[in-house]
Amino acid sequence: MVTINVAVLLAVIVIWRLWRRTEARNRFDEKLTVVIVLALGVLLAPTPAGQGILNILGQLTSGVTQASR
């Protein structure tokens, strides 16, 4: 039996949707992409990979904040 990780499937869908040309998109297309990305974020957040991304983004934002002072 083959199992597909939902997070991997959503990541492939997001990459595929973003790869398309931007001028061919309408409002529904943009909203659907946002919903898919949010669902991917919810699936990745509790994983070690999600926590690593969160740590990297936290360090990046704190570095930018300290640099602007």
Side-chain angles (χ1 to χ4, degrees):
M1 182 174 184
V2 176
T3 60
I4 297 175
N5 188 345
V6 177
V8 172
L9 179 62
L10 283 177
V12 169
I13 291 171
V14 166
I15 291 169
W16 176 70
R17 291 185 65 82
L18 293 177
W19 198 272
R20 297 181 357 193
R21 291 191 192 186
T22 54
E23 64 263 8
R25 293 190 184 149
N26 57 22
R27 284 261 191 222
F28 177 76
D29 232 12
E30 291 174 355
K31 288 179 183 178
L32 183 61
T33 302
V34 168
V35 168
I36 292 171
V37 169
L38 286 174
L40 179 62
V42 168
L43 290 174
L44 284 180
T47 64
Q51 294 300 315
I53 293 169
L54 180 66
N55 288 337
I56 290 170
L57 290 176
Q59 291 175 1
L60 180 66
T61 54
S62 68
V64 169
T65 303
Q66 289 177 358
S68 66
R69 290 184 188 173

- Query: Taking the hydrophobic residues Ile, Leu, Val, Met, Phe, Trp and Tyr, and joining any pair whose side-chain heavy atoms are under 4.5 Å apart, which ones share a cluster with Val34?
  - Reply: Leu38
- Might you point out which heavy atoms bring Thr47 and Leu43 nearest each other, and give the distance in Å? CG2-O, 3.7 Å
- So CG of Leu60 and OG1 of Thr65: to nearest 0.5 Å the spacing works out to 9.0 Å
- Item | Expected output: side-chain Gln51 to main-chain Pro46 donor-acceptor under 3.5 Å | no
- Going only through I, L, V, M, F, W and Y residues with side-chain contacts under 4.5 Å, is there a path from Val6 to Leu32? yes
- Message: For Val14, give me all partners under side-chain contact (heavy atoms from CB on, under 4.5 Å), at least two apart in sequence or on another chain.
- Response: Leu18, Ile36, Val37, Leu40
